Amino acid sequence: MAPRAPFAGSATRAFWMPWAPAIGVAAGLLQALPIRTGFDCCCMPWAGIAGAIATFVIVQKARARMEPAEGALVGLITGSVAGLVGGVVAALREMLFASTGLIAPFLSNEVELTTSDVLRFVWAGAATFFAYLALSPALGAIGGAVGAAIARPPSPPPAS
């Protein structure tokens with residue numbers, strides 16, 4: 001038997017495109033919530049949750065079953081968007097507004113910033129961005145595969 005292409009023979013092909021990135025943007029913003037610097041890892045599961053929600057919404061809208069591999073692909077897209085959005089927002093938050101961020105010295109009338117200070121802020125922002133960009137797609141793919149395995153299309157209305 002020939003391997004099945006993603007979304008081949010299912011009605012989900014037309015529905016995944018607008019939903020996955022939109023849910024990914026929402027998850028990215030939720031991931032970047034300003035909790036505390038040490039607890040940012042608690043917000044990372046939003047990418048997995050978003051992948052599961054995206055597959056569930058697609059299955060419900062398309063009224064067609066989705067294979068877990070298809071769900072993983074949708075979750076990967078959702079998680080990638082979530083990682084990109086969340087990474088940018090969290091990196092900017094980390095660089096600008098953290099307790100040692102670029103704005104803190106100006107608020108305490110300590111206006112002198114050295115090159116090493118700025119490089120430290122940029123390094124913290126880059127590390128945060130790449131952590132989000134690396135973990136979110138993987139978590140989204142896992143969530144999408146699980147969501148596709150669990151989600152069932154709604155039953156058709158009874159014939160009258």
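Since we're looking at a predicted model, the values are computed, not measured.
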Asks: Are Val59 and Leu76 connected into the same hydrophobic cluster when the rule is that any two of I, L, V, M, F, W, Y join if their side-chain heavy atoms are below 4.5 Å apart?
Replies: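 Unlinked, Leu76 and Val59 end up in two clusters.
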
Asks: Provide the closest heavy-atom pair for Thr128 versus Ala90 in the form atom of the first, atom of the second, distance.
Replies: CG2-CB, 3.7 Å

Asks: Main chain of Val57, side chain of Gln60: is a donor-acceptor contact present, judged purely on distance under 3.5 Å?
Replies: no

Asks: Which residues, ordered by chain and number, are linked to Leu29 in its hydrophobic cluster, where ILVMFWY side chains connect at heavy-atom gaps below 4.5 Å, directly or through other members?
Replies: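 Reading the cluster by chain and number, Leu29 sits alongside Val25, Val81, Val85, Val89.
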
Asks: Report, one line per pair, each donor and acceptor closer than 3.5 Å where one atom sits in a side chain of residues 134-146; sequence neighbours left out.
Replies:
from: Ser136; atom 1: OG; to: Gln31; atom 2: OE1; distance (Å): 3.4
from: Ser136; atom 1: OG; to: Gln31; atom 2: NE2; distance (Å): 3.1
from: Ser136; atom 1: OG; to: Tyr132; atom 2: O; distance (Å): 3.0

Asks: Tell me whether the count of non-hydrogen atoms from other residues, nucleotides or ligands lying under 6.0 Å of CZ in Phe129 goes above 12.
Replies: yes

Asks: Once you round to the nearest 0.5 Å, how far does CD of Glu70 lie from CZ of Arg65?
Replies: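 Taking CD in Glu70 and CZ in Arg65, the distance rounds to 9.0 Å.
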
Asks: Measure the CD1-CD1 distance between Ile58 and Ile23 for me, rounded to the nearest 0.5 Å.
Replies: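 Here the rounded value is 7.0 Å.
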
Asks: Would you kindly confirm whether Phe130 and Leu92 end up in one hydrophobic cluster when ILVMFWY residues are joined by side chain heavy atoms under 4.5 Å apart?
Replies: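 Same cluster.
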
Asks: Identify whether Ile53 and Val74 are in the same connected component of the hydrophobic contact network (ILVMFWY, side-chain heavy atoms under 4.5 Å).
Replies: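 Same hydrophobic cluster.
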
